[in-house]
Amino acid sequence: MSEASPAKAYTLHLGVIALLFVLSFLLPEYYHGLLARIMVLAVFAMGYNMLFGYVGLLSLGHAMFFAAGLYGAGLAVIQLGWNVPLAFLGGIACGAVLALGIGLLALRTTGVAFMIVTMMFAQVFYLLILYFATWTGGDQGMVVPQPARVLSFGATALELTNPTVRYMTALALFSIVLLVTLAIVRSRYGRVLVAIRENEERTKMLGYDTFSNKLAAVVISGTICAASGAAYALLFGYVGSSFASVQYSILPLLWVLLGGAATTLGPLIGTLFMYYVIDITSGYTSAYLLIVGIALILLVLFFPKGILGSVRQRWLGWLP
Amino acid sequence: MMPLLTTKGLSRNFGGLRAVDGVDFALMPGEIRAVIGPNGAGKTTFVSLVSGRIQPSSGMIVFDGADITSQPAYIRVRQGIAYTFQITSVFANLSAYDNVALPVQRTLSDGRSKGAVRAGVMAALERTGLADRAHMPAGQLSYGHQRLLEVAMGLALKPRLLILDEPTQGLADSEIDNFITLVREIAKNATVLLIEHNMPVVMQLADRITVFNAGKILAEGTPEAIRENAAVQEAYLGTAP
Ligand SMILES: Nc1ncnc2c1ncn2[C@@H]1O[C@H](COP(=O)(O)OP(=O)(O)OP(=O)(O)O)[C@@H](O)[C@H]1O
Ligand SMILES: [Mg+2]
């Protein structure tokens, strides 16, 4: 947002990326796989944060953008036989187009109405997936066949089922999206988005077409979420309707709230934290969701701005 | 000379209340026009109609020869109508710098250089005496400084018509003197429409004065003429210092 300390911010973000890279060689197999998944889902959270954190629009339907990428990429491979890069781009395109359409309609509302409208659209999307079971596999979902999950560059072929390839691909996507969000947030456009969040009326009176700016933010957000969904389908090989359910609209909200809304690294921290808590507690008790719930309540009580939001407020004011 | 701004039969009702009632108004380019009138006379409502913040119930607004009655506020701002809020409406959680950067970055014609934004922001902050507070969150500025920040944001839009709604409210006397100098300077490049309760400020600055009462224009003329006007004295000045 501010023009100060670009060097610090970029160093921190590159440092996080470097750390994730090194972890690939240090982590035991189980955590290695888990972290790959977390990085892909953190991209989902970053997309959500773009709209919720920076523009202040609370959507309860972002599962549809994730699912658009997931099904877009999955169906492109399974039904159309596209190769991996094309299917990935196809999934992203599905999310972008869907976000444009949803944005045009849903942005006529604000506040609670916006929450309800986005949730309704996501529900329609979910039901359509179930309805067209012949193509989508309905509630069974579909498996993206292993032989198709290959990235070929001329003679060399990288199998996405290989844990290291999978981890590095997830890291590449995560890094790109992280640096892109950082650039957006620090740009003039990012400043306008925050202004809209703080006071839309005032922003209009400075000559900004706030509707168009919000629409662009919905499309960016939806596109990032679709990229996450498309990567999920291609890396983990499963395309299922549960990813379009309301649970997957609420999860990114929780991840972002936990990690810190309107912080660039918050989505990663939140996603990581939630998975970590679930992972530890489910080892001890079958009532782990109760513990997760309690952890969430404590966090919201003592860190209402999320983990990184509180860190920024108390210690590191320069955090983007 | 053609007026920069005219309104014809401009009205706005709130329920049964005629807050602005059939106002015919004309403003010449380069003028400093003061608008005065008792509380609730409809001054803020009138300039809100001009800036597009609220829609008229009837009537017409012409700016620089073009009918802008149905244009959204942001377009009017781009055409050169800047409005500073009576009720301070800065972005409280953003720094003073970012508050001014928002209008500066939009009016920049070269879309690129960061230096241009910084230069524009610091120029506007310096003119309003806020340069040393650039990095304070706007919400932590004193009330008077928030008023000045509003003016800085208006200035940064490089307006052709700058509407100031009670800008001196909450300013100390010393700050008011600086403010008068500032408005004189602004008026070299822009037309100024100034709503003001502080009569000494009005008398020093205004080329002409328009007096509102109960949604209508009660009188209009030079400061001297308004001072002598009996109807105005009864409606307004009689109760003023
Ligand atoms: N949004 C609104 N809804 C209902 N009534 C309103 C609204 N805005 C203004 N009014 C009423 O319209 C009348 C004119 O108000 P306005 O704010 O334009 O007066 P003003 O001349 O600016 O007064 P002041 O000197 O106190 O700022 C008042 O009676 C006010 O109560
Ligand atoms: Mg007023």
Side-chain angles (χ1 to χ4, degrees), chain A residues 1-10 52-56 107-108 182-217 260-263 304-306 309-310 312-314 316-320, chain B residues 47-48 51-54 71-85 87-108 111-119 121-122 134-139 149-150 153-154 156-159 163 165:
Chain A
M1 245 184 321
S2 84
E3 317 237 327
S5 59
K8 258 193 213 166
Y10 279 98
F52 171 65
Y54 291 99
V55 196
L107 284 175
R108 291 156 185 270
L182 178 62
I184 292 178
V185 167
R186 296 183 45 84
S187 72
R188 294 177 190 177
Y189 176 60
R191 184 183 275 136
V192 176
L193 294 185
V194 170
I196 292 174
R197 178 190 74 199
E198 294 292 314
N199 189 342
E200 179 166 357
E201 201 52 37
R202 188 69 177 106
T203 312
K204 278 184 196 162
M205 296 310 294
L206 294 176
Y208 288 101
D209 177 358
T210 56
F211 182 85
S212 304
N213 280 290
K214 287 195 289 184
L215 183 61
T263 62
K305 301 200 160 185
S310 303
R312 167 162 69 191
Q313 190 180 24
R314 288 177 204 180
L316 304 176
W318 55 271
L319 271 186
Chain B
V47 292
S48 298
S51 70
R53 255 183 81 215
I54 59 175
Q71 287 195 336
Y74 76 87
I75 300 272
R76 300 189 199 188
V77 178
R78 290 179 186 193
Q79 288 173 349
I81 302 180
Y83 176 76
T84 70
F85 286 60
I87 298 168
T88 305
S89 170
V90 295
F91 299 96
N93 294 321
L94 306 189
S95 65
Y97 182 96
D98 276 336
N99 270 272
V100 182
L102 281 159
V104 167
Q105 70 183 29
R106 202 191 49 69
T107 45
L108 277 182
R112 287 274 148 236
S113 65
K114 272 220 155 124
V117 174
R118 169 161 292 274
V121 173
M122 292 321 287
H135 289 285
M136 274 175 75
L149 184 58
E150 280 274 357
M153 291 161 79
L157 288 169
K158 302 211 180 88
I163 301 172
D165 197 347

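Because the structure is predicted, anything quoted here is derived from the model rather than measured. Below, chain A is the first sequence line, B the second, and so on; all start at residue 1.
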Q: Output yes when a side-chain donor or acceptor of B/Gln71 lies under 3.5 Å from a complementary backbone atom of B/Arg76, and no otherwise.
A: no
Q: Just do the side-chain contact (heavy atoms from CB on, under 4.5 Å) check on B/Phe91 and B/Met153 with the steps written out, would you?
A: CA-CA 11 Å; B/Phe91 299 96; B/Met153 291 161 79; 3.9 Å; yes
Q. Mind checking what makes side-chain contact (heavy atoms from CB on, under 4.5 Å) contact with A/Asp209, not counting sequence neighbours?
A. A/Phe211, A/Ser212, B/Tyr74, B/Arg78
(Q) Taking side chain as everything from C-beta outward and backbone as N, CA, C, O, which of these in B/Tyr83 sits under 4.5 Å from a heavy atom of chain A? Side chain, backbone, both or neither. (A)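 Answer is both: backbone and side chain atoms of B/Tyr83 are under 4.5 Å from chain A.
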Q: Check each atom of B/Leu102 against the heavy atoms of chain A and say whether the ones under 4.5 Å are side chain, backbone, both or neither.
A: both
Q: Check whether A/Thr210 gets within reach of chain B through its side chain, its backbone, both or neither, counting any heavy atom under 4.5 Å.
A: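 Contact with chain B: none, neither part.
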Q) Looking at B/Pro103, B/Ser89, B/Ala92, which one has more heavy-atom pairs under 4.5 Å with chain A than the rest? A)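 Highest number of heavy-atom pairs under 4.5 Å: B/Ser89.
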**Q.** Top contributor to chain A interface from B/Ile75, B/Asn99, B/Val90, B/Asn93 [non-hydrogen pairs under 4.5 Å]
**A.** B/Asn93
Q: Work out which heavy atom in A/Lys214 is nearest to a heavy atom in A/Leu107; give both atom names and the distance.
A: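 Taking A/Lys214 first and A/Leu107 second, the nearest heavy atoms are C-CD1, 3.7 Å.
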Q: Taking all heavy atoms of A/Ala261 and all of A/Phe52, pick out the closest pair and write down the distance.
A: CB-CE2, 3.8 Å
(Q) Which one wins on heavy-atom pair count under 4.5 Å against chain B: A/Arg202, A/Lys204, A/Glu201, A/Glu198? (A)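 Most heavy-atom pairs under 4.5 Å with chain B: A/Arg202.
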